[in-house]
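If you're wondering where the values come from, they're calculated on a predicted model, not measured in any experiment. Position 1 is the first residue of the sequence, and the numbers go up from there. Side chains are part of it too, since the values below use all heavy atoms of this structure and drop only hydrogens, waters and symmetry mates.
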Amino acid sequence: MKVTRIAYSIGLNPGKYMALVEQARRLGRVRSEVWQRYGSISGVGSGLKDRQVRDRWLADGTHQRFGVLANAWKETARDAMADIAAHLASAKVEVRRAILRRTGAPAERKRMLTALKTHRWADDPFLARQMRKHWRRGKNRTHDQIVVRADQHHTLTDGHGRLWLAVPGLERRKMVRIPLSTTVAPTGTLRLILRGGRVEVHYQIDVSQMRSSQRPRGSRTIGVDKGYTEVLTDSDGEHHGTRLGELLATESDRLKQRNRRRAKLRSIANTAARRGDHRKANRIKVNNLGYVKRDRQAARHRAQVRTEIFIAVHRVVDKAATVVAEDLTKSFAGRTKLDRNVNRRLAAWTKGVTAEALTNVSERRGSALVHVNAAYPSQACHRCGSLGRRSGDRLHCTSCRVVWQADVNAAINILQRAGDPDIALHTSHHAVKQILQDRADRHRTRLPVQDSSPATAERSANHPNRSPMSN
């Protein structure tokens, strides 16, 4: 298993950065050429591999238009062809689902799936419509990346202990040396991404080389529930990643104030432009409405959130050989509309990071990850199965007359759902609700009579399905 690591440049000379920007711009033209020729509808079905594309360009002289070294445009063409294949495969997944929803006839399904697999979907109106809907084709938007082959770069350390990465430039046998903020030398194929005067060096390492992968895992089976104020709550009642809510709330408040100030400045710039004072408008846009600082702050916040989430998942795996979690790929939209502040703080992208961390850490450390149905785990009482009233972090069970901590209750429900014979992973939430209500009714009829008075006994005999505590 491979994981991606990022090293950053530090104190890079502006002249070197501009040289890398020019090289990335030229390589962006290579990507655009590949997308226009082989990433459009007319290029589907060609069956060409990246090596065949390179041979064609060498034969017809296309490569001479780019003005970059041979290894640079060849690696870029290979990377662009891989992007096209990935986007095409992703679109086909959605189209397959559309086919299954459209028809139940086996022969028609087989015909459409075969046409989709053999790139003959352009002849079928339905398939062509679906592919145009789901496939991003014929367009390249990447002009800030350089792919460097493993044997085309090297590293060295100066007398001050700083690590330098040497990569090919635009001229043959002239390397561009980049000072890095790390002491770990990047290896393998590198991807250089240029953002705001800084170079990000993306490379992959084997997870077996990471110290966290060698930590011993636990031996128990633990259910976990994703939260907002914390990353995960397990079925033992322990909270992991308690700083998540603070991070999201602080960033949300900062974004609210920053966007309000930027909107005011943008209004001033637009007013100045309408009056004809273009110098003032341009000055505001250049000095106050830029994106470099904003993007760096956003990247720093995402890194902090990812770190908090991965630390929390590692602590869960320290206890568990089997982690039971809800399927975070499913979405259940509530009926209550939330305001913009709450929506901003919920930060839906953290759900994807949590799902990624659970899969990544469990696989690296040898734990089993079991996904269960995500319908109503935080609204049903784990003792009797009744749907209670959720209020903040508390669940009020009207049947048991008990107030549970909502996240702990949800984690216990998730753990119990791993062996549930009736609720499967893909059971609809309507069916899950009906199953829970039926179980709650059966549980209610078996409750003992709390009052042994004759009046209570007579009322119980007349209304056998009514709980004595319902009053």
Enquirer: For Arg101, give me all partners under side-chain contact (heavy atoms from CB on, under 4.5 Å), at least two apart in sequence or on another chain.
Expert: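 For Arg101 the side-chain contact (heavy atoms from CB on, under 4.5 Å) partners, ignoring immediate neighbours, are Arg97, Ala98.
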
Enquirer: Does Asn270 have any side chain to side chain donor-acceptor pair (under 3.5 Å) partners at least two apart in sequence or in another chain, and if so, which?
Expert: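 With neighbours one apart ignored, the set is empty.
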
Enquirer: Name all residues meeting the side chain to side chain donor-acceptor pair (under 3.5 Å) criterion together with Arg315; count only those two or more places apart in sequence or in a different chain, and write none if there are none.
Expert: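 Side chain to side chain donor-acceptor pair (under 3.5 Å) check on Arg315 returns nothing, list empty.
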
Enquirer: Sequence neighbours excluded, which residues qualify as salt bridge (charged side-chain N to carboxylate O under 4.0 Å, His left out) partners of Lys319?
Expert: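 With sequence neighbours excluded, Lys319 shows a salt bridge (charged side-chain N to carboxylate O under 4.0 Å, His left out) to Asp234, Asp236, Glu238, given in chain and number order.
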
Enquirer: My understanding is that only residues two or more places apart in sequence, or in another chain, count here; which of them pass salt bridge (charged side-chain N to carboxylate O under 4.0 Å, His left out) with Arg262?
Expert: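 So Arg262 forms no salt bridge (charged side-chain N to carboxylate O under 4.0 Å, His left out) with any residue.
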
Enquirer: Using the test salt bridge (charged side-chain N to carboxylate O under 4.0 Å, His left out), find all partners of Arg96 that sit at least two apart in sequence or belong to another chain.
Expert: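 Counting only residues at least two positions away or on another chain, Arg96 forms no salt bridge (charged side-chain N to carboxylate O under 4.0 Å, His left out).
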
Enquirer: Salt bridge (charged side-chain N to carboxylate O under 4.0 Å, His left out): which pairs involve residues 283-297, sequence neighbours left out?
Expert: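 Listed by first then second residue: nothing to list.
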
Enquirer: Keeping to residues at least two apart or across chains, list the salt bridge (charged side-chain N to carboxylate O under 4.0 Å, His left out) pairs with something in residues 179-192.
Expert: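 Checked against salt bridge (charged side-chain N to carboxylate O under 4.0 Å, His left out) - neighbours excluded - the pairs reaching residues 179-192 are Asp79-Arg191.
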
Enquirer: Indicate yes or no for a side-chain donor-acceptor contact from Gln405 to the backbone of Val408 under 3.5 Å, with no hydrogens or angles considered.
Expert: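 Side chain of Gln405 to backbone of Val408, a donor-acceptor pair under 3.5 Å: yes, one is there.
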
Enquirer: Could you tell me which residues satisfy side-chain contact (heavy atoms from CB on, under 4.5 Å) with Ala368, sequence neighbours excluded, listed by chain and number?
Expert: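 side-chain contact (heavy atoms from CB on, under 4.5 Å) check on Ala368 returns Thr322.
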
Enquirer: My understanding is that only residues two or more places apart in sequence, or in another chain, count here; which of them pass side-chain contact (heavy atoms from CB on, under 4.5 Å) with Thr157?
Expert: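 Applying side-chain contact (heavy atoms from CB on, under 4.5 Å) to Thr157 gives Leu163.
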
Enquirer: Applying salt bridge (charged side-chain N to carboxylate O under 4.0 Å, His left out), can you list everything that pairs with Arg254, at least two apart in sequence or on another chain?
Expert: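 Testing Arg254 for salt bridge (charged side-chain N to carboxylate O under 4.0 Å, His left out), a comparison that skips the adjacent residues, returns Glu251.
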
Enquirer: Hey, does Glu308 have a side-chain heavy atom less than 4.5 Å from the side chain of Val231?
Expert: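 Result yes, sub-4.5 Å side-chain heavy-atom pair found.
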
Enquirer: Could you work out, with side-chain contact (heavy atoms from CB on, under 4.5 Å) as the rule, every residue matching Ala424, not counting sequence neighbours?
Expert: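 In terms of side-chain contact (heavy atoms from CB on, under 4.5 Å), with neighbours along the sequence ignored, Ala424 is linked to Thr427.
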
Enquirer: Is it true that Asp318 and Arg217 have a side-chain N and a carboxylate O under 4.0 angstrom from each other?
Expert: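 Salt bridge flag = no for Arg217 with Asp318.
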
